[in-house]
Amino acid sequence: MFFKKNSGGASWLLVCLGNPGDKYENTRHNVGYMVADEVAERQHAPIQKLKFKALTNLLTISGEKVLVMKPITYMNLSGEAVRQAVDFYKVPPDHVLVVSDDTALAVGKLRIRAKGSAGGHNGLKNIIQHLGTDQFPRIRVGVGEKPHPDYDLADWVLGKFTGEDKKAIDAAVKRAADAIECILKDGLDKGMNRFNG
């Protein structure tokens, strides 16, 4: 009973999007990495094994074997890392849970979806391209809209959190990690009911 899962494999991929390197740390685009770090901290297990073009660790979360990934391909090529891991572990798309930032959501707001378009997010766009489907669950963490229409979006998402936004994001990162635990334990619908909005 104890060994019902293939002990060497992963039943889920948790793909937390961001850009590698110190200059991107704590930027809006790296919220996914922050969530991965929170998950790792709870498990006392750093995500640092280089595999599938990502920093990874195979963790047991809510009783599931989960490969936690921080792709190091840079955001626009995130799908390369996901594709390699999916092929290796034979994980179906509905067990690829992606965490990304979202400029269309207020700072700190979570939106969990079972599937959907990339919504202009290049990391999601590339994953959809590599998987050949948009039927995978995702948790989007709101980082707020750019302050005015002329503001360059790239500058905005590569900017760092400060003040109240930083507090809101720190709380959201913890809630996103709670949502991941909930989804893996009780399913996506439960996660959406509890954490959306």
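Clustering ILVMFWY residues whenever any of their side-chain heavy atoms sit less than 4.5 angstrom apart, transitively, puts Val99 in the very cluster that holds Ile72. One hydrophobic cluster, built from ILVMFWY side chains closer than 4.5 Å, holds both Leu59 and Leu50. Both Val98 and Phe88 sit in one connected hydrophobic cluster of ILVMFWY residues. Membership requires side-chain heavy atoms under 4.5 Å apart, directly or through other members.
Between Trp12 and Lys65, every side-chain heavy-atom pair lies at or beyond the 4.5 Å cut-off. Residues Pro71 and Val15 have side chains in contact (heavy-atom distance under 4.5 Å, counting atoms from C-beta outward). Looking at heavy atoms from C-beta onward, Val31 lies in side-chain contact with Ile169 at the 4.5 angstrom threshold. You'll find the side chain of Val35 reaches within 4.5 Å of the side chain of Ile180, heavy atoms only. When side chains are defined from C-beta on, Leu158 does not count as touching Asn30, because their heavy atoms never get closer than 4.5 Å. Side chains of Val82 and Leu131 form a contact here, defined as non-hydrogen atoms less than 4.5 Å apart. With contacts defined as side-chain heavy-atom distances shorter than 4.5 Å, the pair Val66/Val39 does not qualify. Inter-residue side-chain proximity for Leu188 and Ile183 is flagged as met; some heavy-atom pair is nearer than 4.5 Å.
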N/O donor to acceptor pairs below 3.5 angstrom from side-chain atoms of residues 16-27, sequence neighbours left out:
unit_1 : atom_1 : unit_2 : atom_2 : d
Asn19  : OD1    : Met75  : N      : 2.8
Thr27  : OG1    : Tyr24  : O      : 2.7

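Scanning both residues, Phe195 and Cys182, for their nearest heavy atoms gives CE1-CB, 3.8 Å. Between Ala172 and Gly108, the closest heavy-atom pair is CB-O, 3.4 Å. When every heavy atom of Ala85 is checked against every heavy atom of Leu67, the shortest pair comes out as CB-CD2, 4.1 Å. Across all non-hydrogen atoms, the minimal contact from Ile47 to Ala40 is CD1-CB, 3.6 Å.
Contact check on Lys146 versus Asp155 returns no salt bridge, with no Lys/Arg side-chain nitrogen under 4.0 Å from an Asp/Glu carboxylate oxygen. For Arg42 and Glu38, the salt-bridge test passes: some basic side-chain N is under 4.0 Å from an acidic carboxylate O. Taking the charged nitrogens against the carboxylate oxygens, Lys174 and Asp170 have no contact shorter than 4.0 Å, which rules out a salt bridge. A salt bridge does not link Lys125 to Asp134: none of the charged side-chain nitrogens sits closer than 4.0 Å to a carboxylate oxygen.
From Lys53, atom NZ reaches atom OH of Tyr74 across 13.5 Å, with rounding to the nearest 0.5 Å. With rounding to the nearest 0.5 Å, the separation of OG in Ser11 from CD in Glu64 is 4.0 Å. Put simply, CG on Leu58 and CE on Met69 are 11.5 Å apart, with the number rounded to the nearest 0.5 Å. Expressed to the nearest 0.5 Å, how far CG of Leu14 lies from CD1 of Ile61 amounts to 6.0 Å. The distance from the CD1 atom of Ile127 to the NE2 atom of His130 is 9.5 Å, given to the nearest 0.5 Å. Between Asn57 atom CG and Lys51 atom NZ the span is 10.5 Å, to the nearest 0.5 Å.
Judged by distance alone, the side chain of Asp102 and the main-chain N or O of Val141 form no donor-acceptor pair under 3.5 Å. Listed for the Thr56 side chain is a donor-acceptor partner under 3.5 Å among the backbone atoms of Lys49. A donor-acceptor pair is defined here as one N or O able to donate and one able to accept, closer than 3.5 Å; such a pair exists between the side chain of Arg138 and the backbone of Phe136. When atom types are taken as modelled, the side chain of Trp156 and the backbone of Gly144 share a donor-acceptor pair closer than 3.5 angstrom. For Arg113 (side chain) and Ile139 (main-chain N/O), no donor-acceptor pair under 3.5 Å exists by modelled atom type.
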After noting the C-alpha distance and the side-chain angles of Asn196 and Lys109, does the key distance pass the side-chain contact (heavy atoms from CB on, under 4.5 Å) rule? CA-CA 8 Å; Asn196 275 348; Lys109 205 171 166 165; over 6 Å; no

Before giving the answer on side-chain contact (heavy atoms from CB on, under 4.5 Å), spell out for Leu97 and Leu13 the whole-Å C-alpha distance, their side-chain angles and the decisive distance to 0.1 Å. CA-CA 6 Å; Leu97 180 58; Leu13 301 183; over 6 Å; no

I'd like to know whether Lys70 forms a salt bridge (Lys or Arg N to Asp or Glu O under 4.0 Å) with Asp37, so could you lay out the CA-CA distance, the side-chain angles of the two residues, the decisive distance to 0.1 Å, and finally the verdict. CA-CA 9 Å; Lys70 291 162 76 172; Asp37 293 340; 2.7 Å; yes

Derivation of the side-chain contact (heavy atoms from CB on, under 4.5 Å) call for Asn126 and Asn76: CA-CA 6 Å; Asn126 195 253; Asn76 300 0; 5.9 Å; no

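Residue-environment remark: NZ (Lys160) exceeds the threshold of 12 foreign heavy atoms within 6.0 Å.
Residue pairs meeting the salt bridge (charged side-chain N to carboxylate O under 4.0 Å, His left out) criterion with at least one member in residues 81-93, sequence neighbours excluded: Arg83-Asp87.
The closest side-chain donor-acceptor pair between Glu181 and Ser62, if any, does not fall under 3.5 angstrom.
Cation-pi check for Arg28 over Phe161 is met; the charged atom lies under 6.0 angstrom from the ring centroid and within 45 degrees of its normal.
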